[in-house]
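See structure below.
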Amino acid sequence: MASFLEVDHVDRVFTLPNGGRYIAIKNVHLEIEAGEFVSLLGHSGCGKSTLLNIVAGLDQPSQGGVVLEGREITEPGPDRMVVFQNYSLLPWKTVWENIALAVDTVMKDISATERREIVQHHIEMVGLRGAAKKYPAQLSGGMKQRVAIARALAIRPKLLLLDEPFGALDALTRGNLQEQLMKICQENHVSCLMVTHDPDEALLLSDRIVMLTNGPEAHIGQILEVKIPRPRHRLEVVNHPSYYALRNEIVYFLNQQKRAKKRQASTPSIIAGNGLEKINLQLGFIPLIDCAPLVVAQEKGFFAEEGLEQVNLSREASWKTIAEGVVQGRLDAAQMVTGMPLGITLGMGGNHPTPIVSALTLSRNGNAITLSKKLYEQGVRTLEDFRQVLEQTPDHVHNLGMVHPTSMHNIILRYWLASGGIDPDRDVNLTMIPPPQMVSNLKAGNITGYCVGEPWNSRAVYEEVGFVIASDLEIYPGHVEKVLGVREDWANQYPDTHQALLRALLRACEYCDDRRNREDILELLCQPQYVGSAAVYTRPGFIDPYDYGTEYEPVQHLRYNQFFVDKTNAPSSVELLWMMAQMARWGLIPFPKNWVGITERINRIDLFGEAARALDLPDTPRDRAPIKLFDEVVFNPDEPLTYLKGLKIKRDIRIEEIFVDDLVNV
Ligand SMILES: Nc1ncnc2c1ncn2[C@@H]1O[C@H](COP(=O)(O)OP(=O)(O)OP(=O)(O)O)[C@@H](O)[C@H]1O
């Protein structure tokens, strides 16, 4: 007998912007029975969502096909409903209207009374009777996800597709919703295919767990059967005799995959040519407007013109994966947040110290602090208003997002809060979230606000979930934002390649600051392989006036994203020293007694000068001047310890000598 769903030897090959091909999944064959709950598990980027999208009909396989009850899937249909992590509810419709819209669109053949009954039934099924008239903005993240599930189930799909449906929720809400979903699926005999990263979630919910190997050419590595009886309850599942053996198998599989990835990364192929030691480079970037120099160097041919014929821009999931990629050698170089070369060099966070050098600042400015629209409605307009809200709600934990401990976003947010008398570690809770996930976390109510680069502030304004309370032009205009980072041993091994890379990026930076090119660059950035965002919220600040989401007129910020003018690109020891002081202030690193040696080792002003001179561009270093932010406190680069002593809100500052000669790459 034919199975309910058959994924029949599916391949998915993506065409890359450089004309190359990426085989994401290869020869995946899977059969699912009616009423079965199957999870897809694997490391980030292995192809889980790609496979789910193909089953949903949102994407097409390059080879093979998918058959549901004997019919080939070629497009989305009401027999398969997808629930995404970010709910995708219509913000201007109530809970009732969101569900009714789906039911009215799909179930035209039944009477209006029957349709109303279905909506009512599903609202009750997910326990939201009291919230039927509420709008998404008035719901918690868990409630919104329940609406999304009710909406998907209301039109009676044969197959429910879930793409990390609980990923954005806190642990308690996630637990409750997992149990509800399990109950609903069992009572209604719904078949489910769910993407997850979480072994415990997979074990609780699934009949089978399909584990995918890492890409490229990801395929099914192992399938585990979970023979724990139903109905299941979390405690019984965890106490079941097979639970830990199954869990260990999953963890073992994932660890094996991780090791394989490391092995692949440690033996990259090296292609020499054009007088360069290596012309094939993997460069990491994060989808943000300020990845523009990398995109431009690729798309406008600057890499190729400098002899780097095989450059692949690797869109990375988070700053953490960028750091790991460079340290482990999977990436040759990457766009990095300001303090990342320093953090990695000193082995921040208990990691092994790995010397990183930076010979180029890629951009300045471009960040803002966004707070939730709810706070705006409560009258918050200034930092002092926010402080008062915190004071009035001492029992409420305000989570604020930042992208990485070593990023300027973390430092600026902390600086801004502390200048208003808010202790960033005690009065609020800072949490690390990758830039593209900020808006969905704000929407879900997991965070109250965040500091991030564009377009992720403008998107919150555009979607009316947040407002910009301050931009970095007000807090610290002209600060270093992104830098190019490479391992020191890589720079020593490939000096000519490094110079070619610096030249190509320097040319790209100059191109980016010619405002005539900006509309053209915007078009490139909006492409899915780069930032993949809509122009309507990517344009503000980059080209058009920047919208704060307030009642005031939008403002034209000509220097909001700065790539070349005003000596943008020369690394500066004073700026790195300021960053070092800030990171020490918050206990992220010890303050090095020998700061001069450390800054000189990281910031390779000599290598920048060599590249600039080769292009006939000015190689003038930045001035060795004190730094002053909006609060008028002066940072004198000759007396960083006096500065640190004078700060009111800070952690215990450790001052240690760090022996640079002992820092070697591993
Ligand atoms: N349109 C595209 N063009 C090129 N490569 C793509 C495209 N879409 C996905 N990929 C690549 O295919 C691979 C699989 O991506 P996919 O999103 O399916 O992974 P995933 O397992 O769902 O990851 P995560 O758990 O991080 O969401 C990744 O390497 C991704 O970079």
Side-chain angles (χ1 to χ4, degrees), residues 7 10-28 30 38-64 66 82-86 88 161-168 193-199 201-202 209-222 250 253-254 257-258 260-261 264-265 282-287 291 294-295 298-299 311-322 324-325 330-331 334 433-437 440-441 524-533:
V7 177
V10 161
D11 292 1
R12 179 64 172 101
V13 183
F14 292 107
T15 307
L16 300 175
N18 62 4
R21 285 162 20 113
Y22 182 78
I23 307 175
I25 52 176
K26 179 88 187 153
N27 202 27
V28 172
L30 177 66
V38 174
S39 289
L40 293 173
L41 197 110
H43 283 295
S44 181
C46 72
K48 303 178 294 293
S49 301
T50 301
L51 188 56
L52 195 87
N53 286 339
I54 290 174
V55 176
L58 296 167
D59 191 13
Q60 300 301 318
S62 313
Q63 280 289 326
V66 181
V82 192
V83 178
F84 294 104
Q85 189 181 98
N86 57 3
S88 47
L161 299 166
L162 302 139
D163 196 350
E164 297 201 49
F166 312 119
L193 182 62
M194 178 179 78
V195 164
T196 180
H197 275 110
D198 179 355
E201 177 170 279
I209 302 173
V210 175
M211 296 191 284
L212 294 178
T213 62
N214 290 334
E217 304 198 25
H219 51 273
I220 295 176
Q222 194 179 348
I250 297 175
F253 176 88
L254 293 175
Q257 289 301 311
K258 207 181 201 171
K261 208 172 190 173
Q264 281 164 6
Q282 286 285 341
L283 305 183
F285 75 97
I286 293 286
C291 72
L294 284 90
V295 173
Q298 177 82 323
E299 294 284 338
V311 171
N312 182 41
L313 296 188
S314 173
R315 182 180 146 134
E316 299 285 315
S318 65
W319 290 111
K320 197 162 157 257
T321 61
I322 291 249
E324 284 168 2
R330 178 175 60 80
L331 299 173
I433 297 174
Q437 291 169 29
S440 55
N441 275 281
L524 289 174
L525 291 175
C526 290
Q527 291 179 12
Q529 70 275 26
Y530 298 130
V531 185
S533 52

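Both counts, for ligands and for their atoms, begin at 1 and track the order of listing.
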Please state which protein non-hydrogen atom is closest to [atom] and give its distance, to 0.1 Å?
{"atom": "atom 18 (O) of ligand 1", "answer": "Thr50 OG1, 2.5 Å"}
{"atom": "atom 24 (P) of ligand 1", "answer": "Gly45 N, 3.6 Å"}
{"atom": "atom 25 (O) of ligand 1", "answer": "Lys48 NZ, 2.8 Å"}

Distance (rounded to the nearest 0.5 Å) between [X] [atom1] and [Y] [atom2]:
{"X": "Leu294", "Y": "Glu299", "atom1": "CG", "atom2": "CD", "result": "11.5 Å"}
{"X": "Leu212", "Y": "His43", "atom1": "CG", "atom2": "NE2", "result": "11.5 Å"}
{"X": "Arg330", "Y": "Ile322", "atom1": "CZ", "atom2": "CD1", "result": "8.0 Å"}
{"X": "Lys26", "Y": "His219", "atom1": "NZ", "atom2": "NE2", "result": "11.5 Å"}

- Item | Of all pairs that satisfy salt bridge (charged side-chain N to carboxylate O under 4.0 Å, His left out), the ones with a partner from residues 40-64, not counting sequence neighbours | Arg12-Asp59
- Under the side-chain contact (heavy atoms from CB on, under 4.5 Å) test, which residues partner Ala218, sequence neighbours left out? Ile25, Thr213
- Under 4.0 Å to a heavy atom of Cys46 - the qualifying atoms of ligand 1, by number: 19 (O), 20 (P), 21 (O)
- Item | Atom indices of ligand 1 within 4.0 angstrom of Ala24 heavy atoms, with elements | 12 (O)
- Message: Can you check atom 31 (O) of ligand 1: any protein non-hydrogen atom closer than 4.0 Å?
- Response: no
- Looking at atom 14 (C) of ligand 1, is any protein heavy atom nearer than 4.0 Å to it? yes
- Please indicate whether any nitrogen or oxygen in Phe14 is less than 3.5 Å from any nitrogen or oxygen in ligand 1. no
- Message: Are any of the N/O atoms on Ser44, whether in the backbone or the side chain, positioned under 3.5 angstrom from an N/O atom of ligand 1?
- Response: yes
- If only atom types and distance count, is the side chain of Asp11 paired as donor or acceptor with the main-chain N or O of Gln63 below 3.5 Å? no
- Note on the structure: Under 4.0 Å between heavy atoms, the region of Glu164 that gets near ligand 1 turns out to be side chain
- If you measure from each non-hydrogen atom of His197 to ligand 1, which part falls under 4.0 Å: side chain, backbone, both or neither? side chain
- Between Gln298 and Leu283, is any pair of side-chain heavy atoms under 4.5 Å apart? no
- Item | Nearest-option assignment for atom 17 (O) of ligand 1, heavy atoms, candidates Ser49, Gly47, Gly42 | Ser49
